[in-house]
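Reading through the structure tokens given below for one structure.
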2 protein chains.
Amino acid sequence: MNKEKIEKPENKCELQKILDIIGGKWSMSIIYALIPEKRRFKELERIIPGISTRMLVKELKNMEENGIVTRTAFATVPPTVEYNLTAKGKKLDPIINDLYQWGLEYIN
Amino acid sequence: MNKEKIEKPENKCELQKILDIIGGKWSMSIIYALIPEKRRFKELERIIPGISTRMLVKELKNMEENGIVTRTAFATVPPTVEYNLTAKGKKLDPIINDLYQWGLEYIN
DNA sequence: CGGTATCCTGCAGGATACTG
DNA sequence: CAGTATCCTGCAGGATACCG
């Protein structure tokens, strides 16, 4: 029937909306993998240790809907699909890098 | 019986270890609330909209174990407990602020 | 290659009542 | 005030098989 998103009138605070976008178990790893260059689907699956096909698809879809990445499909055989960071997504680069550095300094 | 943490020999990548610490639904909100000054328990509960007692306790405990916040109890009646950011926690300030700003700029 | 489609499970997180 | 102690539920995330 109605497959539209249910607009809950919650006013989640900003930080929680952000976590909806990049708080998933794999989102940051995916962004991190896309920082140096655009990647193909299987490439991401290989680069990111432990991720499942299902989750990679889900997170990529979510991030695409949220304007973090772009998906470009080429009608080749076999199919080729490239994922890339948008400008919006690239703005997250330094932040994720800072987080990463913080982790290196303080974890373990 | 054995209540010690089970040390899984997984080598989670850094970003995921970081999410274990500050990826919870409320962690960042708590840190954010502690940035300006130390806070008492009930104060945090009041300031952070929607959080439950149980979750506030859990996240605070987790963050204490991870050296993000300190807990100071005073033997008053009724009890007084103050939570404060550690140096390690304070290093997250600018990062969370950047994230917050990113959210302001790009969400909605 | 780049995905769907299913089935399944644990645990994050909520609600509520009680305590020193 | 600052928490415990329980009970409960949804859904994030995993595993596996199949498709164009």
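Just so it is clear, the structure is predicted and the values come from calculations on it, not from any experiment. Chain letters run A, B, ... following the sequence lines, proteins first, then strands; residues in each count from 1.
When the P atom of C:dG2 is taken as reference, atom CG of A:Leu44 falls 9 Å away, rounded to whole Å. Following rounding to the nearest Å, A:Lys38 (NZ) and C:dG2 (P) show an atom-to-atom distance of 13 Å. In this entry the distance linking CD of A:Glu45 with P of C:dT4 reads 12 Å, nearest Å. If you measure from atom CD1 of A:Ile30 to atom C1' of D:dA12, you get 14 Å, rounded to the nearest angstrom. One atom, CE of A:Met55, and another, C1' of C:dC7, lie 14 Å apart when rounded to the nearest Å. Here D:dA12 presents its P atom at 16 Å from CD of B:Gln16, a figure rounded to the nearest Å. Whole-Å rounding puts the A:Phe41 CZ to C:dG2 P distance at 8 Å. One can place CG of A:Leu60 at 16 Å from P of D:dA12, the figure rounded to the nearest angstrom.
Using a 4.0 Å cut-off on heavy atoms, the residues of residues 74-83 of chain A that approach DNA chain C are A:Pro78, A:Pro79, A:Thr80, A:Val81, A:Tyr83, listed by number.
Looking at A:Glu64 and A:Thr70, their side chains never bring a donor and an acceptor atom within 3.5 Å of each other. A donor atom on one side chain and an acceptor atom on the other are not found under 3.5 Å apart for B:Asp93 and B:Asn97.
Ion pairing of A:Lys61 with A:Glu59 is absent here, as no side-chain N (NZ or NE/NH1/NH2) approaches a carboxylate O to less than 4.0 Å. In this structure, A:Lys88 does not pair ionically with B:Glu105, as no charged nitrogen and carboxylate oxygen lie closer than 4.0 Å. By the 4.0 Å N-to-carboxylate-O rule, B:Arg46 lies too far from B:Glu43 to be salt-bridged with it.
When distances run from any side-chain atom of A:Lys25 to the nucleotides C:dC1, D:dG14, D:dA2, the shortest one goes to D:dG14. Looking at the side chain of B:Val57, the nearest of the listed nucleotides D:dG14, D:dT4, C:dG3 is D:dT4. Checked against C:dG2, D:dA12, D:dG3, the side chain of A:Lys58 finds its nearest nucleotide in D:dA12.
Looking at which nucleotide of DNA chain C each of B:Ser52 and A:Arg71 is closest to, the 5′-most match is held by A:Arg71.
Checking each of A:Lys42, A:Glu45, A:Lys58 against A:Thr53 for a side chain to side chain donor-acceptor pair (under 3.5 Å) leaves exactly one that passes, namely A:Glu45.
A donor-acceptor contact under 3.5 Å links the side chain of B:Arg54 to the base of C:dG13.
At least one side-chain nitrogen or oxygen of B:Lys61 sits closer than 4.0 Å to the OP1 or OP2 atom of D:dT4.
The side-chain heavy atoms of B:Lys38 and B:Leu85, taken from C-beta on, include no pair separated by under 4.5 Å.
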